[in-house]
Amino acid sequence: MLTALLLCAVALLAVSVLAVLGYGGGRRGVAGGAVATTLVYGGCLAVSALAFVLALAALLGGVTAGLTVPLGLPWLGAHFRLDALSAAFLVLVTLGAAGASFYALGYGQHAEAPMRVLPFYPVFLAGMLLVPLADDAYAFLLCWELMSLASWALVLAEPRPEENARAGYLYIVMASFGTLALLLAFGLLAGPEGHYAFAEMRGAERTPLTSALVLTLAILGAGSKAGLVPLHVWLPLAHPAAPSHVSALMSGVMTKVAVYAFIRIVFDLVGQPEWWWSIPILTLGGSTAALGVLHALMERDLKRLLAYSTIENIGIVFIGLGLALAFEASGYRAAAALALTAALFHAFNHTLFKSALFYGAGAVLTATHGERNIERLGGLIHRMPVSSAAVLVAAMAAAALPPLNGFVSEWLAFQAILVSPDLPQWGLKFLIPTVGMLLALAAALAASCFVRAYGIAWLGRPRTAAAAEAVETDRFSSAAMLGCAALCVLFGLFPGLVIDALAPVTEGLVGARMPAQLGQAWLSIVPIADSRSSYNGVLVFLFIVASAMMAAAAIHRFASRALRRAPPWDCGFPNLSPSMQYTGTSLSQPLRRVFGPVVFRSREHVEMPLPGSVAPARIVRQRQDLVWEFLYLPIGRAVGRATEVLNHLQFLTIRRYLVFVFLSLVLLLLGLGLWS
Amino acid sequence: MFLVLLVAPLLTGLVRKVKARLQRRRGPPLLQPYRDLRRLLHKEVVLAENASWLFRVAPYLVFTATWVAAALVPTFATGLLFSWTGDLIAIIALLATARFLLGLAALDIGTSFGGIGASRESLIASLAEPATIMIVFTIALIAGSTQLSHIAAFMASEDVGLRVSLAFALVALVIVAIAENARIPVDNPATHLELTMVHEAMVLEYSGRHLAMIEAAAWVKLVFHLSLIACIFFPFGLAQNGGGLVAYAMGAGLWLLKLAAGGVLLAMFETSIAKMRVFRVPGFLGGALMLGLLATLLLFISGSF
């Protein structure tokens, strides 16, 4: 099983090489590009579908396998291992990869420069496939960097020079910083003897200080990749800059690989957690969820909005992880299993609905020749019926509405919060209700956010000619979207399937599992006990569908079914133009006024001309990302100043350099002498 | 389930009647909402030219989501047959689904009215919903369950006592219920002036049977909130499971009385207060949110508050 999965990764790398060779040696031009596109994405689809089947079989069959490949460091080799946790994340990765490859069979044909995407795409997939399998620090970091660099190349792929250059620069800086943090974390875990294999790290004894440092570095390293506030600044720039199927992968899958890294280090490698570890995680998770969705509400760029929504969902996942850690530290294993299941389930759900949403955004881009501003869209539901239906389902799942899957995982998180008064620590007693409120706020704001995103971009009347002439997307793209939307419905109706599949993961990490759900009557889910709480997606769905059908049938049968089309009500003011509709900015104005002054320090400046003047009235809005201003800019300036000072070192004489060498040698020896 | 549907227009009629009497008007007859409904159902639908399928489907879904939510609240007896289908959080989320769809339908036509309604509704909802969740937390922590039947049974038993947190939760829930039902001082159900409209602005383009569905959903929602308050905070007279026909009849009668009392109180409250500016509403709802949070915090600190 493990060997087969590794071979899948190798096959992906081979596809990449073939893409380069085939393109270099074969026909060039448009036809060559189309053939190469089909071959690469077809190959990726086949390999990831195969890997998906393998990973699913491994997860359900409870396969654990280890393998040492004689690659990498000469006397160590690269260790790979498959266990329940990695199998669960592999299912997620390969499902997202298969969906994106399938989508790209259609979407990729519209790429302007396919060769800037095709060689890197399979490498990116291979990187994400290998990270969960890695079983030593060296292999892990190598695969992690493979994933980071390939995705960096993909961020730079779209020909939008200035924007993408900035996004790419910020991304590579943050990615390097994250890898550095992970490298240090693994260094601390490995100890002075250098036990690089995970198996040796698990058993090692550590001081509380070392463990705390590892936790901090894991939050920095994995959090910067996942997009935790305040490490999120690169994400809304980099994710949308890539082609849409890659955006879907980066948002839906790569952030989950980061979550995997965090779980692997904190739940598995470090050993028994302390209760206070959950405090930073819960705080960061709660603020990430609320801030992410508030940013999404203010955003006008369709893909960037989705990227901010990713940040929100990562926050929810980390809330679940923080709760699980708190429960585990206090010995409430069943509750820890509940919280961990909520987090993992939400990660899985987010992959599904965010993929569908990014595919939908890609379809909009193709249909309107690259229009990403929602203020210039509108009325797409008439022109793109299939995509609009799929995106609607995904948006409802993202807004955590029943009976879809996003609701179930948030419901589980709420249930986990409701068990937490049992925790003895006072700090948590104050923190958890607040985090619960932030979670509820994020859920409510997410609903507003998706009403806005869907209502402005897909409903109403077209605001530009490009939106008015949009055409439905190709068959592959709509099939991929519909597939993801169908899975959102499926796991919303039958969440027990996922919960039971995740049981071996929670058993491995926190030593307990949620009660088996598939045996429950009527397929409802019962996290703790019957008398406490239960939810049944199927019945809710059936009730709604049945009564809606009944109501509609009864009304059409017994009352009127007449229908007349007429112009909308215009208050007697003729010629309503599409530009007189509410825009996304005006729709979120009340929320901006309520939250803006605190969160974004937003200001509005209105300039009204005097009566009789023909000058236009102007309104200027200002919004700042406080994190950027107070954290990143000072750091950036400090780095700039430091380089200026150090720049002098470049122009010294050879004698001075020799003096420096001598002095540093003395210092090092001195340090060594004092240390022992 | 059908009972809720039957009672809903009557309750709205009652509220309207009491309000009118308080304003020294005679007011429409109690049964007027039924007649409105019948009239609307028999009229043709005048559909805006660029309405999509979503606009036509939404009324039915909004109505049924609200209806299913209302049907999951124990009205006059605990131990509903399907009470395990969804707990209180799921019920709240069902209402959120209805609101989501209504907001989309409002934006579908592409007029400013729909936009203004959706925009303000999203402001109100994004504060009211967390407040509701905090109230749910409070109640669930006291009753040890989010299952409404169990909560009602627990609240009806002796071991509840007087609690600070419950008082907070009650006040918060009343505020939320007022906001969610588009009542004064948050919204005015009788207004047709665009500056003051929230809910009415969203449904402005609806007519005929679609409007009937939307109106019915609003009425059912009022019954839902009053039943919820009654079932959690005033659960006396709820028939226990298998209590026999007499107990059920008693419970039903008491439930109707409770609804009537709630309706009268609502009408009196609405008459005695002026409508707020839209940007005063966040303060009002923020109060509910903070009360809910405070109640939950108290319970986290000690179960006996």
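In the text below, chain A, chain B and the rest are named by the order of the sequence lines, each starting its count at 1. Here the structure is a predicted model, which means the values were calculated and not measured.
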Check whether B:Phe279 gets within reach of chain A through its side chain, its backbone, both or neither, counting any heavy atom under 4.5 Å. side chain
Take a 6.0 Å sphere around CZ of B:Arg163 and say whether it holds more than 12 heavy atoms from other residues, nucleotides or ligands. yes
For a quick test of reading the model, state the closest non-hydrogen atom pair linking A:Ala552 to B:Tyr60 and the distance between them. CA-CE2, 3.7 Å
Side chain, backbone, both or neither: which part of B:Leu293 has a non-hydrogen atom closer than 4.5 Å to chain A? side chain
Crowded around A:Lys429 NZ? As in, over 12 foreign heavy atoms under 6.0 Å? yes
Side chain to side chain contact (heavy atoms under 4.5 Å, CB included), that's the test. Do B:Met134 and A:Leu441 meet it? Break it down for me. CA-CA 10 Å; B:Met134 294 324 282; A:Leu441 190 67; over 6 Å; no
Can you tell which part of B:Ala106 gets under 4.5 Å to a heavy atom of chain A, answering side chain, backbone, both or neither? neither
Note: vs chain B, highest number of non-hydrogen pairs under 4.5 angstrom among A:Leu428, A:Leu445, A:Ile381 is A:Ile381
Heavy-atom cut-off 4.5 Å, strictly under: side chain, backbone, both or neither for B:Ala125 against chain A? backbone
Examine whether an atom of B:Ile151 lies under 4.5 Å from a heavy atom of chain A, and if so say whether it belongs to the side chain, the backbone or both; otherwise answer neither. neither
What part of B:Leu88 is in contact with chain A, defined as an atom under 4.5 angstrom from a non-hydrogen atom: side chain, backbone, both or neither? neither
Counting only heavy atoms closer than 4.5 Å, note whether A:Leu392 contacts chain B via side chain, backbone, both or neither. side chain
Contact origin within B:Arg38 toward chain A - heavy atom pairs under 4.5 Å: neither
Please walk me through it: do A:Tyr454 and B:Leu104 pass side chain to side chain contact (heavy atoms under 4.5 Å, CB included)? CA-CA 8 Å; A:Tyr454 193 82; B:Leu104 287 185; 3.8 Å; yes
Please determine whether the number of non-hydrogen atoms from other residues, nucleotides or ligands lying under 6.0 Å from atom CZ of A:Arg565 exceeds 12. yes
Should A:Ile544 and B:Leu94 count as side-chain neighbours, where that means a heavy-atom distance under 4.5 Å? yes
